Number of protein chains: 2
Amino acid sequence: MELNEFVEKGHEVYLRHLSIDCVIMGFHDDQLKVLLLKWKENGQWCLPGGFVRKEDSLDTAAARILRERTGLQDIYLQQFHTFGDPARERHKEQFLWPRSMPPGSWMHDRFISVGYYALVEFSQVTPQPDLLTDECHWCDIHTVPDLIYDHNAILEKALETLRMRLNDYPVGLNLLPARFTMPELQRLYETILDMSLDRRNFQKKMLAFGILERLNERKTGGAHKAPYLYRFDRRKYEKALKQGLKFGF
Amino acid sequence: MELNEFVEKGHEVYLRHLSIDCVIMGFHDDQLKVLLLKWKENGQWCLPGGFVRKEDSLDTAAARILRERTGLQDIYLQQFHTFGDPARERHKEQFLWPRSMPPGSWMHDRFISVGYYALVEFSQVTPQPDLLTDECHWCDIHTVPDLIYDHNAILEKALETLRMRLNDYPVGLNLLPARFTMPELQRLYETILDMSLDRRNFQKKMLAFGILERLNERKTGGAHKAPYLYRFDRRKYEKALKQGLKFGF
DNA sequence: TATCATTGTGTTACTACGACACAATAACCC
DNA sequence: GGGTTATTGTGTCGTAGTAACACAATGATA
């Protein structure tokens, strides 16, 4: 679909005043990264987003948006909140291409946005901008710039949800390569939680979850003692995703 | 607003294809109750719901719906999920009053629904049906009938979310009267979790949270030993709602 | 006044968690 | 090739939290 067609006829294809925003996270260089897009019109950054086709479910729409930005299919995707403040799209007029946006276009509507976050394997992603943007890059979670609308708040809420889930559900299968070391897993947790953890206690806790399998192989090439390689036991991992890692009562 | 006006002109006031469904829960007779409405046209039961005015936020709309059904203001309200499967409104034609619903009405749209749950003090509620329903009653959570659309699934999701939150956040301030006994609080937890708990361990755990205050008064009138009365320390309760009761890492 | 269900208040064993110490090792450098 | 260095593997110990369990106190009832 071309930009013109999208602006003029999008409302025939998509549900009005409803959008989806995705917080796509990856892990690289011991840092948590988030995928951002750069708006054509004014150079500001935003989260990848899109709209819901009239015949699609929200989950389907989110999966499509993700596929279009990353090239990945079958991604771990989690709805976390729906944002519906009428004032959430601050300075919206700046983003509606004063030159090309017809005054009656559906893009001028107030939008309610459903937030999803995705955890992806960094190395597998091919970032791809969309119709409204000309750049698509990974950005370190600690140096995210001012984003358009309420996108900074959306990102924060996604992180908060992820941190919450960390207490009850495993994380890592979708963010790390198939085989990884315990220090790598620890640094993933440390960046998500934004705090440092005790190496020895962390290992004990992770192993106690019973979802890891130690391989008879060590990761060589580093400058120091070679750490063991681990992988997730996929069946137990999936089970933990459904049942949770612990019961409170 | 009258029914005719609502059906014919609602789309001028409300956002199209967007609704809100509320799971309103109360506690009475040692049982968790949920507020249900009975559809005028075919007698089926459903969750209280409503629509979002073009100028309102989702939270505002949910609060208004709640006020209209319960008479209560300043209610504890929590968004938990947005339901957007295009097939979620099964047998919708049954509910659209074949006699009175104009074919082009906005009510025929596919609706995406934002789910909220509310915890209210049972005795304070005056159930009130809406334009589309003629009855509004409390129903025991264990004997909920078949509801319209995907409302049973929405209710289940609300309960699941509430059970999750129970591990990290306090519950009770909004469901119990101002002064209550430890056995009452325990039965609240037991009905929500649908499991029985050890009396002594439950008390220790609750007191350890540090949000309860024991009064120098006992609840008399029961057939047996008079239990102490407690109340929540409102400041500490609010703090626990924000920070959570425990940190996982 | 005896009965009885229910409440208040422990104890004990076990597990989980945080703080901490020391030996092993892979690359590096002289 | 052997010492250096940063990092990894594995443990201990004290504390806090949890689950299972026992007995005395009490308030209405009979």
Side-chain angles (χ1 to χ4, degrees), chain A residues 29-30 163 166-170 172 176 179-191 193-231 240 243-249, chain B residues 29-30 163 166-170 172 176 179-191 193-231 240 243-249:
Chain A
D29 279 345
D30 286 347
R163 286 193 187 116
L166 229 49
N167 292 329
D168 299 303
Y169 298 96
L176 294 170
R179 290 143 33 107
F180 52 89
T181 67
M182 192 61 77
E184 282 168 355
L185 182 61
Q186 181 177 344
R187 277 187 284 271
L188 170 59
Y189 271 74
E190 286 179 333
T191 19
L193 290 167
D194 201 20
M195 65 192 289
S196 63
L197 302 168
D198 183 276
R199 190 170 59 87
R200 298 149 286 192
N201 296 333
F202 178 81
Q203 163 148 334
K204 265 181 288 182
K205 191 161 180 167
M206 281 297 139
L207 293 179
F209 285 158
I211 54 172
L212 285 177
E213 188 186 351
R214 194 171 87 175
L215 305 174
N216 280 326
E217 203 175 338
R218 301 167 103 108
K219 176 169 187 162
T220 166
H224 306 289
K225 181 170 179 177
Y228 279 107
L229 284 169
Y230 292 82
R231 70 170 167 220
Q243 302 190 350
L245 290 166
K246 54 189 171 191
F247 298 107
F249 280 89
Chain B
D29 278 345
D30 286 347
R163 285 193 190 117
L166 228 50
N167 292 329
D168 300 303
Y169 297 96
L176 295 169
R179 291 144 30 107
F180 52 89
T181 68
M182 193 59 77
E184 283 168 356
L185 182 62
Q186 181 177 342
R187 277 188 284 271
L188 170 60
Y189 272 74
E190 286 179 332
T191 22
L193 291 167
D194 201 20
M195 66 193 289
S196 64
L197 302 168
D198 182 277
R199 192 169 59 87
R200 296 149 286 189
N201 294 333
F202 178 81
Q203 163 147 330
K204 266 181 287 183
K205 191 161 180 167
M206 281 299 138
L207 293 178
F209 285 158
I211 54 173
L212 286 176
E213 187 185 353
R214 192 171 88 174
L215 306 175
N216 280 326
E217 203 174 338
R218 292 162 178 264
K219 175 170 188 163
T220 166
H224 306 290
K225 180 169 180 179
Y228 279 107
L229 284 169
Y230 291 83
R231 71 172 168 218
Q243 303 190 349
L245 289 167
K246 52 186 170 192
F247 297 108
F249 279 88

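Chain letters run A, B, ... following the sequence lines, proteins first, then strands; residues in each count from 1. None of the values given here were measured: they were computed from a predicted structure. Scope of the values below: all heavy atoms of this structure, side chains included, with no hydrogens, waters or symmetry mates.
Nucleic acid contact for R200(B): base, since at least one base atom lies under 4.0 Å from a heavy atom of the residue. Among the atoms of the strands shown, none is found under 4.0 Å from any heavy atom of T181(B).
Between the CG atom of L197(A) and the P atom of dC20(C) there is a distance of 15 Å, rounded to whole Å. Distance, K246(A) NZ to dT15(C) P: 18 Å, rounded to whole Å. The NZ atom of K204(A) sits 12 Å away from the C1' atom of dT15(C) (whole-angstrom rounding). The distance between atom CZ of F249(A) and atom P of dA19(D), rounded to the nearest whole Å, is 10 Å. F180(A) has its CZ atom 15 Å from the P atom of dT8(D), to the nearest Å. Note: CE (M182(A)) to C1' (dT10(D)) measures 12 Å, nearest angstrom. Put simply, CG on N201(A) is 12 Å from C1' on dT10(D), counting in whole angstrom units.
For the pair R218(B) and L229(B), the minimum side-chain heavy-atom distance is 4.5 Å or more. Counting only heavy atoms from C-beta outward, the side chains of M182(B) and L212(B) approach each other to under 4.5 Å. Between M206(A) and Y189(A) there is a side-chain heavy-atom pair separated by less than 4.5 Å. K205(B) places a side-chain heavy atom less than 4.5 Å from the side chain of F249(A).
The 5' end of DNA chain D is approached more closely, in terms of each residue's nearest nucleotide, by A208(B) than by the other of A208(B) and R199(B). Nearest-nucleotide positions on DNA chain D for D198(A) and P227(A) put P227(A) closer to the 5' end.
Under 4.0 angstrom from either OP1 or OP2 of dA28(D) there lies at least one side-chain N or O belonging to T220(B). Contact between the side-chain N/O atoms of R187(A) and the OP1/OP2 oxygens of dT7(D) is not found at any separation under 4.0 Å.
In the interface, the side chain of K225(B) is paired with the base of dT7(C) through a donor and an acceptor atom under 3.5 Å apart.
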